[in-house]
There are 2 protein chains.
Amino acid sequence: MAGPVHPRKRPTQADVARLAKVSPAVVSAVVNGRTAGGVRVGDTTAARVEEAIQQLGYVPNIAARNLAGGRSNIIGLFTYEALFPMEAMSFYHPFLLGVEEAVEDLDCHLLLFTGSHVDGRRRAIYKNGVNTLQLADGAVIVGQAEDRAELTTLLREGFPAVFIGRRELTGIEASYAAADYSTATRRLVERISALGHRRIARLHGGSGHESIVDRDTGFTAARTLLADRLDAADVFVTPNAAAVTELVPRLVEQGYTCLITDDCERAVDACAAAEALGRSVPGDLSVAALSEFSFTPTDRDFTTVVTPGRDMGTAAIRLLADILDNPSDRSPRRTVIECGIRDGDTLAAPRG
Amino acid sequence: MAGPVHPRKRPTQADVARLAKVSPAVVSAVVNGRTAGGVRVGDTTAARVEEAIQQLGYVPNIAARNLAGGRSNIIGLFTYEALFPMEAMSFYHPFLLGVEEAVEDLDCHLLLFTGSHVDGRRRAIYKNGVNTLQLADGAVIVGQAEDRAELTTLLREGFPAVFIGRRELTGIEASYAAADYSTATRRLVERISALGHRRIARLHGGSGHESIVDRDTGFTAARTLLADRLDAADVFVTPNAAAVTELVPRLVEQGYTCLITDDCERAVDACAAAEALGRSVPGDLSVAALSEFSFTPTDRDFTTVVTPGRDMGTAAIRLLADILDNPSDRSPRRTVIECGIRDGDTLAAPRG
DNA sequence: ACCCTTTGATAAAGCGCATCATCTGATGGC
DNA sequence: GCCATCAGATGATGCGCTTTATCAAAGGGT
């Protein structure tokens, strides 16, 4: 019953063919669903081949299969940073959840590109000018820190890649599964306005990333739409905690009743600054964040925009699958997914 | 400056060779650091080749390289359950952290085997009797729910695999990176004894898993070592919350002052049962757990044995790397790693 | 001058697979 | 009963690379 112990070498198609007394082409056809490659196989022969495969424990060699032009059923996931450190996980986890799910549905495996360092500790797609992602049929790319030039090259090459999050690269149209931060931001501002706030300040981290630009768009749209119900809806650039700490007192003095930050980190800073002035949140000042993300655990339950991470993950894989199934269609695949808004306890009607 | 968009076909080594007027072997040598593969290349020729590579934007094809070379530099990670659901993450995360780190050091990639379902939703290594893990050079296997028969077959086959956690399979010696639960358990009991406890009860979940057997060993060792300082150190089987709830009152009545559970889940149950009797933890009764793991977040800060998950992960990968580098050595590789003990607030000296 | 070593380079043999062009019988239409 | 058809199978070819065996030419010692 026990097969050979420690086979020196993995069995090949040829071995199977020999055992089943058929040609290698037949084995190939059986493995890839019969009739593949224009070769037909009868039921009895197929059974005999399956049997031989069973007996030898044959498994197709990915490299060979790839080389010969077939697919490997491996989908890659690339991130410029390590995936599993605690701080990273809090960001990546929802995406991973969705990706794993979708990849599982496709009956594919997931390849994490961990060993793609170029010299220092930084990951890179191209190593010695070699596109390491080629190991997979295609790849999903997620994360914030990134090398745009490299990504542009990747797409130029025609490599099947889908981003999680919107990306605009110069000279080439990228495929992505993105969150609709624009609409979410607008809705959040509308909600704030509906509560009675007339002076709103947006504390902008200063990033030019697409996900932030989308929020900018939404904020601007809201300001236009609500022009007659708002006395002020201004944007202030606060790249760090210090900037927030310094700015908040002035805003309070100028009568702003609600602050909107990019993320919970800055929201925490804003609350701290407010409380340092003896103002309570949300009693005297409301605070909301345009992202639920936070590197460090926060004690407050902020009202935030919620990124549909899991859905973005599954959507990205689906887009990638579509690209792989229809390689002749070179057009970019895009999905934009609605965001939620989580009602925390940092948003209330303004005093008086 | 912009390269060709969507090149129909990527340039090959042969193309470069033609342009540089050298043989393909020389190109290969230049790409892999000269003198690779026993082929030497002069400085001027090398320069000419580099130039041609640049000009064509040549990038080696990994599939072909792997096919020719043998190893794929892909290390597999297999789990019988999905990796990223919230509950699973709390268990897998530390291991993943270590694995990613070590794989990164090896300059390998990590392949997550997700699409290996046999019929229902359950994952399996063998699909149609075929070992799907062979896509990778070797694999690390982690998790609790498992198919021992399948694992035995896997090792019999000689597939390079390392377990995270001790495994004893019939008829074959497995490689693993394990935690030293035995010593940790003994130390925990010693600490409890040192606090003055003389009647200790171990609430045993009834599992026969190696990790639990190791704890059994440690508990027994402690009982022997501390025979004269202990009036009782007994084991009670409590497979579920109900069993705990029912048992605890009797134990309290019989004068046990410290309960040791397998995990935090049961520890929570024990606390609840004690408090239902009007006893406080740790005032009237001490509680400790032999694993920090808990599916659900606990409010108490239990004193527990801490599994060195990250270290086990890196150790497992190192062992695997050793197997891959020395395939002729068929002996099992094993690493046993010391556990920590986390001091929570559920353990105190017994009253009076 | 001779042989031996070293340097620089080449041609060719696979690696394991998918696929294309053929080939062989059996079937079927009429 | 004969040719067209097609299911079923084969062999060869090539994907792009690494590596081995081989070889030409250039020193270098005696």
Side-chain angles (χ1 to χ4, degrees), chain A residues 7-49 52-53 56-74 128-132 134-135 137 327, chain B residues 7-49 52-53 56-73 130 134-135 137:
Chain A
R8 274 262 138 260
K9 191 171 159 310
R10 280 168 49 166
T12 77
Q13 228 174 46
D15 297 326
V16 175
R18 215 167 300 128
L19 179 61
K21 299 196 199 310
V22 294
S23 71
V26 170
V27 179
S28 176
V30 168
V31 169
N32 307 332
R34 33 265 248 194
T35 138
V39 172
R40 259 182 292 266
V41 183
D43 286 345
T44 62
T45 317
R48 194 150 30 92
V49 172
I53 288 178
L56 295 178
Y58 164 79
V59 135
N61 175 311
I62 327 175
R65 183 177 270 186
N66 267 345
L67 220 213
R71 282 171 52 174
S72 62
N73 277 357
I74 292 185
N128 301 328
V130 177
N131 173 4
T132 58
Q134 282 184 109
L135 280 176
D137 290 338
Chain B
R8 276 266 135 257
K9 194 172 161 307
R10 305 198 351 226
T12 76
Q13 222 173 51
D15 296 326
V16 175
R18 214 166 303 127
L19 179 61
K21 298 194 198 313
V22 296
S23 72
V26 171
V27 179
S28 177
V30 167
V31 169
N32 307 332
R34 16 260 253 215
T35 132
V39 171
R40 259 181 293 264
V41 183
D43 286 346
T44 66
T45 317
R48 194 150 30 92
V49 172
I53 288 178
L56 294 178
Y58 164 77
V59 155
N61 176 314
I62 295 206
R65 183 177 270 183
N66 279 343
L67 218 214
R71 270 170 69 166
S72 62
N73 276 358
V130 164
Q134 286 191 49
L135 285 173
D137 290 340

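A note on names: the letters A, B, ... follow the listed sequences, proteins ahead of strands, and every chain is numbered from 1.
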Using whole Å, report how far [atom1] of [X] lies from [atom2] of [N].
X: B/Ile53; N: D/dC17; atom1: CD1; atom2: P; result: 10 Å
X: B/Asn66; N: C/dG14; atom1: CG; atom2: C1'; result: 16 Å
X: A/Asn61; N: C/dA18; atom1: CG; atom2: C1'; result: 13 Å
X: A/Asp15; N: C/dC17; atom1: CG; atom2: C1'; result: 13 Å
X: A/Tyr58; N: C/dC15; atom1: OH; atom2: P; result: 14 Å
X: A/Arg18; N: C/dG16; atom1: CZ; atom2: C1'; result: 12 Å
X: B/Arg48; N: C/dG8; atom1: CZ; atom2: P; result: 13 Å

Sugar-phosphate only, base, or nothing, as touched by [X] at under 4.0 Å among non-hydrogen atoms:
X: A/Pro24; result: nothing
X: A/Val49; result: nothing
X: B/Val22; result: sugar-phosphate

Out of curiosity, [X] [atom1] to [Y] [atom2], how far, rounded to the nearest 0.5 Å?
X: B/Asp15; Y: B/Leu56; atom1: CG; atom2: CG; result: 6.5 Å
X: B/Lys21; Y: B/Thr45; atom1: NZ; atom2: OG1; result: 13.5 Å
X: A/Asn61; Y: B/Asn66; atom1: CG; atom2: CG; result: 8.5 Å

Candidates A/Val31, A/Asn32, A/Val30 - the one meeting side chain to side chain contact (heavy atoms under 4.5 Å, CB included) with A/Ser28: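 Result for side chain to side chain contact (heavy atoms under 4.5 Å, CB included) with A/Ser28: A/Asn32.
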Quick check for you: among [options], whose closest atom lies nearest to any side-chain atom of [X]?
X: A/Val39; options: C/dC17, C/dA11, D/dT10; result: D/dT10
X: B/Leu67; options: D/dG8, C/dC15, C/dA9; result: C/dC15
X: B/Pro60; options: C/dA9, D/dC17, D/dT10; result: D/dC17
X: A/Thr12; options: D/dT18, D/dA7, C/dG16; result: C/dG16
X: A/Ser28; options: C/dG8, C/dA18, D/dT10; result: C/dA18
X: B/Asn32; options: D/dG8, D/dT18, C/dA18; result: D/dT18
X: B/Ala68; options: D/dT18, D/dA9, C/dC17; result: D/dT18
X: A/Ala25; options: D/dC17, C/dG16, D/dT10; result: D/dT10
X: A/Arg40; options: C/dA9, C/dC17, D/dA7; result: D/dA7

Is the distance from OP1 or OP2 of [N] to the nearest side-chain N or O of [X] less than 4.0 Å?
X: B/Thr45; N: C/dA9; value: yes
X: A/Arg65; N: C/dA18; value: yes
X: B/Gln13; N: D/dT18; value: yes

Sub-4.5 Å side-chain heavy-atom contact between A/Val49 and A/Val41: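 Result no, sub-4.5 Å side-chain heavy-atom pair not found.
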Any side-chain heavy-atom pair of B/Val26 and B/Arg48 under 4.5 Å: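 Contact flag for B/Val26/B/Arg48 side chains = no.
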